[in-house]
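Numbers for residues simply follow the sequence, beginning at 1.
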Amino acid sequence: MSTHTPWRALGLLCTVQFVLVLDASIVAVSLPQLRADLALPDHLLQYTLSLYAVGFGGLLVFGGRAADLYGRRRFLQLGIALFGLASMGCGLAANATALLAGRTMQGVGAALASPAALALVVDLFGEEDRRATVLGAWGAVSAAGGAAGLVLGGVLTDTVGWRWVFYLNVPVCLAAAGLTAIWLPERRSSGVALDAISAALVTLGLGAWTFGLTEVESRELASPSSGGAMLVGTALLITFVRRQRVVDNPLVPLDLFAPTLPRVANLGAAIIAALIAAQNFFGSLTLQRVLGRSAVETGFAILPVTILATLGSALAGMVVRRLGVRGALVTGLVVMGGGLGLLVGVDSAWSALDLAPGFGISASVSAWVSSP
């Protein structure tokens, strides 16, 4: 390998991560058009986002463990291939079932590819001084993917149609899979078991809860499709937790959830990420279905919010140094709550400028709330 190969490999791995994060947001701006073409009921609309998140998040730890055991490059290629095929399936979808199945498989592909890509980055840049630089680049690429998704989704939807939001991934995945075989070495580690049962329990549990919460909108809480699904999800997640107590190599060690400040901060970051995802979802629908904006206008209206989030992340270190970890968390959550409170009562008389203060405050503060 030449001396330049690790940096080319870094560019390739960052491109993969960019596309995976891009697909978490690029669909949001396309929702109204997608809904109209596929006759997707309102109560199923959010599944286009949440099923991707469930597949991605539910299998992420499993994907990382499997890549360590069976080969990081191999699982990166497998994840990229599955993601590309699922993207083609989403683009060709003739009905809601095909689209939602494709989004789920996209999430599974992302869960296999993303941890393998990050592990290869760490392998290629093991020196501590370079590792900080490349991990910073990795984080910046992830943030840029979220921002680009909102704008690119709007442009594609208004010009060539929402299906190209998915078709765009296919040539990128083909190129990435080919270059991975040329530029990346195979790496693996041993000594940890692969607990497929735990992965199935947590993924199905999260999926059942997602389904139940979504069905509450159109059915009673006590109905089998809402309350029943949440009960099943709860049982699966309890079984998962109990299994982590007894297996030799738990998929998620339970001491990660001990009430220490760093772990509480991580939980807070997860909650904030969920709130921002919901804000983008409802913000996109509000701008298009309530305020009558086009997909392109919606993407560019939300873009400044993402830029503010990036700037907030850049200021995180200074905020934590001034206020301390606890102070940054508490102050940030209070300010973010105030920003979200400004969005209460939105109706058709509002404009995009009326939404900007609430979105901007919550997004910019969320970045440094998540950092501690």
Gap between atom CG of D123 and atom CG of L13 - 0.5 Å precision: 10.0 Å

ILVMFWY cluster, L156 and V170 together (side-chain gap under 4.5 Å): yes

L12-W7 co-clustered via ILVMFWY side chain contacts under 4.5 Å: yes

Pairwise side-chain contact, M88 with Y167, heavy-atom cut-off 4.5 Å (strictly under): yes

Residues which pass side chain to side chain contact (heavy atoms under 4.5 Å, CB included) with V202, listed by chain and number, not counting sequence neighbours: L206, L237, F240

Non-hydrogen side-chain atoms of L99 and L38 separated by less than 4.5 Å: yes

Main-chain N/O of G161 paired to Q33 side chain as donor or acceptor, under 3.5 Å: no

Nearest heavy-atom neighbours spanning S198 and Q244: OG-NE2, 2.7 Å

All side chain to side chain contact (heavy atoms under 4.5 Å, CB included) counterparts of T239, not counting sequence neighbours: L201

Check against side-chain contact (heavy atoms from CB on, under 4.5 Å), F75 and D68: CA-CA 9 Å; F75 262 74; D68 286 342; over 6 Å; no

Contacts of type ring pair (Phe, Tyr, Trp, His ring centres under 6.0 Å), residue F56, not counting sequence neighbours: Y52

Contact check, side chains of F83 and M105, non-hydrogen atoms, under 4.5 Å: no

Co-membership, hydrophobic cluster, residues W183 and V19, 4.5 Å side-chain: yes

Linked, directly or transitively: I238 and V232 (ILVMFWY side chains, under 4.5 Å): no

Polar side-chain atom of R73 near backbone of L184 as donor-acceptor pair, under 3.5 Å: yes

Distance-minimising heavy-atom pair for A110 and P115: O-CD, 4.0 Å

T157 to S30 - nearest heavy-atom pair and separation: OG1-OG, 2.6 Å

D23 CG to C90 SG distance, which is reported to the nearest 0.5 Å: 8.0 Å

Within 6.0 Å of CD1 in I197, more than 12 heavy atoms from elsewhere: no

No-hydrogen, no-angle side-chain donor-acceptor test under 3.5 Å, R103 and T48: no

Donor-acceptor under 3.5 Å (T234 side chain, M230 main chain): yes

Working for side-chain contact (heavy atoms from CB on, under 4.5 Å), residues L112 and L59: CA-CA 8 Å; L112 300 181; L59 289 173; 5.9 Å; no

Minimum heavy-atom distance between A9 and L124, given as atom pair plus value: CB-CD1, 3.6 Å

Chi angles and distances behind the side-chain contact (heavy atoms from CB on, under 4.5 Å) call for Q106, N169: CA-CA 11 Å; Q106 274 190 310; N169 296 327; 3.5 Å; yes

Spacing of CG belonging to L31 relative to CG belonging to L45, to within rounding of 0.5 Å: 4.5 Å

Closest heavy-atom pair and its distance - A111, L60: CB-N, 3.9 Å

Inter-residue atom distance E186.CD - R72.CZ, 0.5 Å rounding: 9.0 Å

Salt bridge (charged side-chain N to carboxylate O under 4.0 Å, His left out) between D37 and R163, worked out: CA-CA 10 Å; D37 284 357; R163 295 181 185 274; 5.6 Å; no

Euclidean distance, D195 CG relative to R65 CZ, rounded to 0.5 Å: 8.0 Å

Separation between OG1 of T180 and CG of L76, rounded to the nearest 0.5 Å: 4.5 Å

Heavy-atom side-chain contact between L152 and V165 under 4.5 Å: no

ILVMFWY cluster, L78 and V61 together (side-chain gap under 4.5 Å): yes

Closest non-hydrogen atom pair, I80 against A113: N-CB, 4.1 Å

